[in-house]
Structure formats: structure tokens, C-alpha cells
Trainee: 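Have a look at the structure that comes next, please.
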Amino acid sequence: MDILEGLNDAQKSAVETTSGPLLILAGAGSGKTKTLTHRIGHLIAKQGVWPNEILAVTFTNKAAREMRDRLSSLLGQSNDRRFMNWMGTFHGICVKLLKIDGEAIGIARNFVIYDEDDRLGLIKKAMKTLSVSDKQVKPRAVSAVISKAKNDLLRPDEFTETANYPFQKTVAEIYVEYEREKQQAGALDFDDLLVETLRLLKERPKIRAKWRTQFKHILIDEYQDTNTAQYRIIKYMVNEKRNICVVGDDWQSIYSWRGADFTNILNFERDFEGAKVIKLEQNYRSTGAILDAAHQVITKNNNRTDKKLWTNAIGGSPVEVHQTHDEIEESRLVAGRIASQITLRTRKPSDFAVLYRTNAQSYTLERAFLQERVPYQIVGGVRFYDRKEIKDVISYLRLIHQPSDIMSFSRIANIPSRGVGVVSVEKFLAWRSQKGIDIVEALERCRESGIATRAVNSLQQVGIVLREAAKMVEQQKSPSEVIEYIIDTVQYKEYLQDGTPQADERLENIGALISDAALFTGLAEFLDEVALMSSVDLNTKNDAVTLMTLHAAKGLEFPAVFMVGLEEGILPHSRVYDGAPDDLEEERRLCYVGMTRAREELHISYSTSRLQFGTRNYNMPSRFLEDMGHNVSYIDSYAKQQDSSFDEAVMPFDINDRVRSPQFGVGEVVDVDGMAVTVQFDRGGTRKLDIENAQLALC
DNA sequence: CGGTTGCACTTTTTT
DNA sequence: AGTGCAACCG
């Protein structure tokens, strides 16, 4: 086995530089993942480093999974769950560390992880407790300020000291109350995972020493997107040998709004003196035309490193820019173009991605794809684990795992409806906190509380169910069995059957959740996975066009990419107009990231008008279009090409449809090809027919 | 207590 | 335009 095979000189050098600090500046499409994978493979196979001695941080769970897969096949290893235990996202790794050592700083082993919704709910609760009106102070704004404070490593007391303005003082109060409530619930929010890990390493030198000894090699991917807490964690983890390798590209830093600070990558050489720097500048992904246009855009930024990506694949078809009248036409243009390429069989659906700035833009695109009958999938948007029915079931599970989890309880107290209203819930919670017992015990004993009889009976039932389920967990029953027990006992499926059109889909989702859960041995593992699962981590359909935001597209590539909504106010987004110039530069990087996802074909579109918040706006073409230069070809307005028969020209039949032909009788559609269908007739025989000539009709 | 209706607000991006 | 939340009524 030759681990260096198929690598260029710079990549080889990166793989073989295994001691001391190493900075890999990897441009878009320069084989970064491959280099990292081979570097880890080299450490394990050639230098006898034990997989558990390598700490490898990726940006998403999906990236970790991919790397684990590639690594195990490179090493000829079987890919079991425990292989490369310390490869994952910062958040995932922090959860593991806190599960093992968190008790040393007072973190319960069975902590639950609060997502954005839980955090918002808890903030609202805290505001209610403090009688702060959510009319004057918006919970979302409070959430953002608290998150920012945490990222700046300001604890509630420290934040209170720095608070000057009335708003900040109010937020400070809410922050204190929020932290208190969260602590009582035995929960940590996303930011806590990082901040508390940092505190653990800071306050417990022995524990810090243990991990520093264990991790002989540290690798960090997407280093330009690390925030302060993550940076400090890394600093603690690196030992005297300083075997740290970071990979990144300041041109692709698009998460500063989340606290990411790309000066971390610019300062690496200062932080780790004597660091070796390797630049990966050969692009293996895109054609010259695409790369040139992208380069023209990114070089208009001032605050950046200087580099020049190059490719052997010079030329290629020029980037096409399309103008449309409105967003519906734009969506039809995209879906239509894709549909015809699929019909011509020059490409398959999974070759395409459609990228947009905001999730709201996906709506009209979806409709166009449905109309064109092109299979598509949306990455992000409403995540599977964000669906109501899934959250309900997860809330039961969380409450079993952490009987103090007040947010989960509040969610399911009256789901399915069992006559427990807001008033009863409030009374119950007040009583239980005065008693100082956990929620499950309180449910069992709620007869003592003096709440209305109907509510008491229901609550007691819930208590019994939770207690039984907890016993199952103790007996090492699979999470899927626990879920089935709960939904059967509380009759959750019956609750979902409310006669709405979505009922079936919801039942299916529950089924999918149960099969997911069956893959896990313990409830805790399942809950952690669910909490940290991101929108881009989900399993993808095999053959469908991918629709997603520019942010979600980071790290991916597609033969053909459509970027839509290249308008002032969309990309760049209007929110950056009154912000710092840095924000505009980040929008430009976002544009660059989108363009460099394309391998062979890049289409960009903008619309003269667009419906936003229910009103029609007329936006100027994006300034980034002007930056792209002359390797771009402007296509005539789509409206001119579009004829009135557009709607009628849509293939009205689908596979499995029953159709009637005046000539051949009734049959079933077995294949669709442009405006023709292949029909298997009941009386025997298969024919390919043009739908207009054959006068086919649905039956 | 629960369901329905009407209003207000939304949208930047997400671990 | 769609959704979530609040107030109101049964």
C-alpha cells in the first residue's frame, strides 16, 4: 500500500510533515480532504500512531463520516463505530469530553443538549419570571446577545459588570436567570458545550494533562471558521510536541456571524512559532472559465491573503448569466434547463445543485421542480429532527434520560391532549420546584400538589409511563423499543391521525425515527446524535437535484451549479448594508464559495423583481456580477424565449400512471422520456408514444 | 380547558 | 405569502 500515490508534491509534503506545527492553506477544490485523509492514514500505517491518539476536528458530522469512510478503505480497515473515536465536530468532541470528565466541574453525566428552540423557550420563560415584556425586548435579540457573550467567554456576572445601557442590563438579568434555569434543568446549550469544555481544561490541570498526553496529533479542518472558545480549546490540547496541523482557506470564511474569526488562521504562524506552511493551489475541481470568474470576484476583497489558484483544465464553457422578470420565471428557467438536460440524458439529477442566499428562496424553486417533475431534495430548511412529531417523541426520551429537563416536559405535558392546560402546568412546576424533586418523581406524587383532579390523573399517568420507560432503559433495551413503548402507551399515533393531509407523512416520520433509533445501543448515544445532527448531515436521496443555501454548500461540489438571486439585497444581503465593510466582504466570500462548487457548468441568475414579505421589490443586479469579468456570457432575458405554451408543454404523466389510448386501450406508464411515454398495455405489448400524437389521457 | 380566528411578523446564514 | 402567537368564545 502506497499512501502517497496519486498526490501532488505539495500534498505529499503535507502528508509527510508529521511533527511540529503545520499550516495547510488549501484553496477551493485543491484536494484538501484527500490530503487530510492520507495524512491520518500515514500517521497510523507508517508511524504507528494509535487512532485514539489522533484528535481530528471537522466542520460537520457528514465530513467526519466521509473522512472515516475514506480512511478505513485506505487502510483496509473495517469501519466500525469505535474506529477514530476522536474524529468529529468540535461540538461532538466536547460532548464526549464532558460526558467523561464533566462531573469534575459539576456537570451531570446525563445532561441534555438544548437547541436553538429550547434556548429561545427558556429565555421566554426567564423573561416571564422577571416580568420583562417580550414586546419591548425581543427574545431572539436576547438570545443573540447571550450567545455572543458566551462566545466572548463572558459569564453572566462578567457580562453584568460590562453592561452599560438599559437594554444590556435587562439582557444581563435575563442571562443570569436563563443560566440558573438551565442549570436546574440539567441542560447545556450549544455554546455551553464549547465554553464548559474550555472551563474544564482550564480549571482542572490534571484532566488537561491527561488529554494532552493522549492526543499525540491534532488536526483541525476548516480552521478559518473556528471561534474564540474553539481556538482556546485547541491551545490547551496541544502538548509540548506541538503536533498540530490546521487546514483552511481564509477566502472561504463565511461564519463570522457565528463568532468565527478567520484571523485565527492568519495568526497561526505567530501562535505556533516555526510552523511550516504548505499551500495547495492546484485546483482539481473547476474549469478555467469558472475558476477565473470566481477569482475575479474574490480578489475585489481587501482583507485577505494573496494566492492564485490554477488548473490544468483550462477553458471550459463560460459562466452563463441569466436575467429574468420575476422569481417564478427564474425558478422555471432553472428547473426547465435542468429538466431538458435530464431528458437529453446528458446529465442526471444528482449532477445539479441550486444554491441560494436565504432559505425563503427555496419555495418557488420547489414549485418549479414539482411542475417539471424533476426529483429534488432540499438540504437544510426544516430539518428532520426539527419536525413537531419528532421533537415530541424526542422530548419524552430526553425527559427519561434527564428527569429535570423542564423544556421537554413543558412540550409534552399536554401532548397528546390529556386535559392539562397551561395553568395546571404552571401550578405543577411551581409545586415541584418548591418540593425540590425531579419532574418524574413529582408527576408520580402530584396528588399531593392540590391541582385539579382531571389534570392530576393525567399527570400521574405520564409519570408512570416515564418511570416504566426509564426501567426499560436501565435494562439496556434499545431506544427504538423505548420509543415504541411510549407512543403505544400514550397513544401518540392516534393523536397524529387528525385527518389532516400531513398525518400520513408524520406517521412515516415516526417510523423513520424508530428505525434510526434501532441503530443505537443506548439512549444517551442516540440523544447526543440527534441533538448535534445538522441539516447537512442527513442522508441524501440517490438521484435528485440538490437545493440548498450557499452556507450549506461549503465543502461540496457538483458538475453543474445554478446560483440564483444575484441581486442587491439578496447577495449581498440587505442586512450588511448598514454593517461594517467586513460584512460585505463576507458576502463576497459567500459568492466565491458558491461559484467554486461548480465543476463544469455554472449558471447565475438574477431577477428584475422579487416577492419579499408579500410585497414586490425591484432589486438591482448584484455588484458581484460586475466583478466576474469577461469570461462570463450574458444570456438574453428569459421572458423573450418563453412562449405561452410553457405550461401546456409540461409532461402530464408520471411512471405508474394509468392512461388510456384511443388506439391501444388502457395501460400503465413505465417510463417517461421528454414528451414521450412508454406504456405497458393491459391487453399486452409495450409502446413508446408521443403524448400529443397518441392523444393519451389519464384514467 | 381547548379550539378557532385574526393579527403581526417574518428572513440571512447554523453547530 | 405563510406561519406562529394571542385573544376570544364555547
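None of these values were measured; they are calculated from a predicted model. Below, read A as the first sequence line, B as the second, and so on, with proteins coming before strands; counting in each chain starts at 1.
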Trainee: Report which part of the nucleic acid A:Ser424 touches: base, sugar-phosphate, or nothing (heavy-atom distance under 4.0 Å, all strands).
Mentor: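 Here A:Ser424 touches the backbone only, sparing every base.
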Trainee: Choose from B:dG2, B:dT14, C:dA1 the nucleotide whose nearest atom is closest to any side-chain atom of A:Thr549.
Mentor: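 Per side-chain heavy atoms of A:Thr549, the pick is B:dT14.
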Trainee: Using OP1 and OP2 only, check whether a side-chain N or O of A:Asn61 sits under 4.0 Å from B:dT15.
Mentor: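 False: A:Asn61 side-chain N/O out of range (4.0 Å or more) of B:dT15 OP1/OP2.
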Trainee: What contact category does A:Glu116 fall into here, base, sugar-phosphate, or nothing, at under 4.0 angstrom with non-hydrogen atoms?
Mentor: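 Contact class for A:Glu116: base.
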Trainee: Map A:Glu586 and A:Gly421 onto DNA chain B by nearest heavy atom, then report which one ends up closer to the 5' terminus.
Mentor: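 Closest to the 5' end, via its nearest nucleotide, is A:Gly421.
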Trainee: May I ask you to say what A:Val420 touches in the nucleic acid, namely base, sugar-phosphate or nothing, with a heavy-atom cut-off under 4.0 Å?
Mentor: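 Sugar-phosphate contact only.
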Trainee: So what does A:Arg589 hit on the nucleic acid, given a heavy-atom distance under 4.0 Å: a base, only sugar-phosphate, or nothing?
Mentor: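 Nothing, no nucleic acid heavy atom in range.
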Trainee: Contact class for A:Gly419 vs. all strands (heavy atom < 4.0 Å): base, sugar-phosphate, or nothing?
Mentor: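 The residue A:Gly419 makes sugar-phosphate contact but no base contact.
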Trainee: For the pair A:Phe352 and A:Phe562, name the ring-plane relationship: parallel under 30°, tilted 30 to 60°, perpendicular over 60°.
Mentor: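 The arrangement is tilted - the two ring planes meet at 30° to 60°.
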Trainee: Less than 4.0 angstrom between a side-chain N/O of A:Asn359 and OP1 or OP2 of B:dT13, yes or no?
Mentor: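 A:Asn359 to B:dT13 OP1/OP2: side-chain N or O found under 4.0 Å.
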Trainee: If you look at every strand shown and take non-hydrogen atoms under 4.0 Å, does A:Lys554 touch a base, only sugar-phosphate, or nothing?
Mentor: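 It contacts nothing in the nucleic acid.
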Trainee: Within the pair A:Thr60 and B:dT15, is there a side-chain N or O less than 4.0 Å away from OP1 or OP2?
Mentor: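 Answer is no, no contact under 4.0 Å.
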Trainee: Over all strands shown, is A:Tyr363 touching base, sugar-phosphate only, or nothing at heavy-atom distances under 4.0 angstrom?
Mentor: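 Sugar-phosphate contact only.
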Trainee: With respect to the side chain of A:Lys138, which nucleotide from B:dT10, B:dT13, C:dC5 is positioned closest?
Mentor: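 Nearest to the side-chain atoms of A:Lys138, counting from C-beta on, is B:dT10.
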Trainee: Using 30° and 60° as the class limits, which term best fits the ring planes of A:Trp86 and A:Trp211: parallel, tilted or perpendicular?
Mentor: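 Rings of A:Trp86 and A:Trp211: perpendicular, over 60°.
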Trainee: How is A:Asp115 classified with respect to the nucleic acid when contacts are heavy atoms under 4.0 Å: base, sugar-phosphate, or nothing?
Mentor: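 Nothing, no heavy atom under 4.0 Å.
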Trainee: Think A:Lys99 forms a cation-pi with A:Phe111, using NZ or CZ under 6.0 Å from the six-ring centre and within 45 degrees of its axis?
Mentor: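 The answer is yes, since A:Lys99 meets both limits relative to A:Phe111.
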Trainee: Once the angle between the rings of A:His551 and A:Tyr255 is folded into 0 to 90°, is it parallel (under 30°), tilted (30 to 60°) or perpendicular (over 60°)?
Mentor: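 Ring orientation, 0 to 90° scale: perpendicular.
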